[in-house]
Q: 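Dropping a structure here in structure tokens format, bear with me for questions.
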Amino acid sequence: MIRYIIKRLLWMIPILLGVSLLIMVILEFCPGDPAKIMLGIDATEENIAALNEELGLNDPFLVRYGRFILNAFQGDLGTSYTTGNSITEQILFRIPYTLTIAMVSLVISVVIGIPAGVIAATHQYTLKDNVTMLASLFCVSMPNFWFALMMITLFALQLGILPSMGIDTWQGYIIPCVSVALGGTAGIARQTRSSMLEVIRQDYITTARAKGQKESLVVYGHALQNAMIPIITVIGSKIAGALAGSMVVESIFSIPGMGNYLINAINSRDYAVIQAGVFVIALWFGICMLLVDLVYAFADPRIRSQYRRGKVKK
């Protein structure tokens, strides 16, 4: 297992290199001069050229890319062009807000989605199944930013029981987290239903029922456990969706997270912040996918035995 984890961590290095190279190539063709942005519209050409030289922006592309990678792996993500602040310090300050929204919304999706999918599967073609699937279709089709605005209108403006922006108290997290969790809950519920329908038709489920075991033990102790691999895969994909969704709602609720930071950087053409932010997000996704692979081992003993023998290749 340790060997596999080390191998996956080493594989993250070329992934991060590829992502950072791609974003730097894209930014290379974007309009705007960082030095001119920093100095303002009244700056002279001489001052702009001098600042470009000082920042190393006149260096060849590969030199700038190599410098960024070397500094990034040392924990230095550069300096913001517009504010002059350390990007590393800003990200360390802001990323807990984003991760909190993403993780809480993911927990909400799992806690609601899996039981809803189980209920739909065990009551196939009944009213419970139809209502669950209709609600899932409605939720997965609804943009989370629109749902967030509707919740603000109802709970903040009309009822006045929740704040409309900011996270000064824990109540400020309720609407953002529920808004982000909406689509994930629907996806997990649909996948749970599909996986459970395949498993509950198996012979060993019929045998367990024939032995007189309680229905709850048959459903949750046997069927759900053996249906978890596809569900875990969907949950892993929802991690990316939760992180992306949290970045969207941050701008709606004025939350000082990574999403707000990147949106402001895009608007001000702060390319250093954009490049560093994408690098950090790619690192986070890689870690999450590694954790999902490790969860497979706990859900399926066969995969755990393969880990121990060193036969799992990724």
Side-chain angles (χ1 to χ4, degrees), residues 16 19-41 55 68 72 77-106 142-153 156 162-168 172-184 238-286 288:
L16 292 175
V19 170
S20 58
L21 178 61
L22 178 62
I23 190 63
M24 194 165 183
V25 169
I26 294 174
L27 294 177
E28 190 73 10
F29 293 97
C30 290
D33 189 338
K36 191 171 183 179
I37 294 172
M38 295 174 68
L39 294 175
I41 58 176
L55 296 174
F68 170 79
L77 296 173
T79 303
S80 171
Y81 291 154
T82 56
T83 65
N85 295 329
S86 170
I87 298 175
T88 303
E89 293 179 359
Q90 288 293 311
I91 288 178
L92 290 177
F93 169 75
R94 294 170 180 272
I95 202 167
Y97 296 107
T98 300
L99 295 186
T100 299
I101 296 174
M103 292 299 98
V104 172
S105 64
L106 185 64
M142 187 187 309
N144 55 11
F145 64 87
W146 181 85
F147 184 72
L149 294 175
M150 294 302 100
M151 291 189 70
I152 290 174
T153 303
L162 292 175
S164 60
M165 63 175 58
I167 47 173
D168 297 330
Y173 282 101
I174 295 178
I175 298 180
C177 291
V178 172
S179 301
V180 175
L182 197 66
K238 296 305 177 184
I239 294 175
L243 189 58
S246 65
M247 292 186 175
V248 174
V249 300
E250 283 174 6
S251 60
I252 298 175
F253 295 94
S254 299
I255 299 174
M258 281 289 295
N260 224 336
Y261 192 41
L262 286 176
I263 289 174
N264 291 334
I266 292 171
N267 291 333
S268 61
R269 291 188 173 88
D270 196 340
Y271 298 146
V273 173
I274 298 172
Q275 185 173 1
V278 173
F279 183 85
V280 171
I281 292 172
L283 176 62
W284 167 246
F285 282 171
C288 288

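This chain uses plain numbering: 1 for the first residue, then up along the sequence. Hydrogens, waters and symmetry mates play no part in the numbers below; they use all other heavy atoms, side chains included.
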Q: May I ask you to decide if Ile152's main-chain N or O and Ser164's side chain share a donor-acceptor pair within less than 3.5 Å?
A: no
Q: Kindly give the heavy-atom pair with the smallest separation between Pro176 and Ile255, and that separation in Å.
A: CG-CD1, 4.0 Å
Q: Is the backbone of Ser179 close enough, under 3.5 Å, to the side chain of Asn144 for a donor and an acceptor to pair up by distance?
A: no
Q: Which heavy atom of Ser105 sits nearest to which heavy atom of Ala102, and what is that distance?
A: OG-O, 2.8 Å
Q: Answer whether the closest heavy-atom distance between the side chains of Val280 and Trp284 falls below 4.5 Å.
A: no
Q: Would you give the length of the straight line joining atom CE of Met151 to atom CG of Leu182, rounded to the nearest 0.5 angstrom?
A: 9.0 Å
Q: Heavy atoms, side chains only, cut-off 4.5 Å: are Leu262 and Ile281 in contact?
A: yes
Q: When you measure from the side chain of Asp270 to the backbone N and O of Tyr81, does any donor-acceptor pair fall under 3.5 Å?
A: yes
Q: Can you tell me how far the CZ atom of Phe68 sits from the CE atom of Met24, to the nearest 0.5 Å?
A: 8.0 Å
Q: Any idea which heavy atoms bring Ala156 and Pro163 closest together, and the distance?
A: CB-C, 4.2 Å
Q: Any donor and acceptor pair, going by atom type alone, linking the side chain of Thr98 with main-chain N or O of Met258 inside 3.5 Å?
A: yes
Q: Looking only at heavy atoms, what is the nearest atom pair of Thr79 and Ala272, with distance?
A: O-CB, 3.6 Å
Q: Rounded to the nearest 0.5 Å, what separates atom CD1 in Ile23 from atom CD in Glu28?
A: 12.0 Å
Q: Flag the pair Tyr173 / Val104 as yes when at least one side-chain heavy-atom distance between them is below 4.5 Å, and no otherwise.
A: no
Q: Side-chain contact test, heavy atoms from C-beta onward, threshold under 4.5 Å: evaluate it for Phe147 versus Val178 and give yes or no.
A: yes
Q: CD1 of Ile274 to CD1 of Ile263: how many Å apart, nearest 0.5 Å?
A: 11.0 Å
Q: Which heavy atom of Val273 sits nearest to which heavy atom of Ala265, and what is that distance?
A: CG1-CB, 3.5 Å
Q: So how far is it from Ile87 CD1 to Glu89 CD, rounded to the nearest 0.5 Å?
A: 11.0 Å
Q: Please round to the nearest 0.5 Å and tell me the distance separating atom CG of Leu149 and atom CZ of Phe253.
A: 7.5 Å
Q: So, for Ser20 and Phe279, which heavy atoms are closest and what is the spacing to 0.1 Å?
A: CB-CD1, 3.9 Å
Q: Could you tell me whether the side chain of Trp146 reaches within less than 4.5 Å of the side chain of Met150, counting heavy atoms only?
A: yes
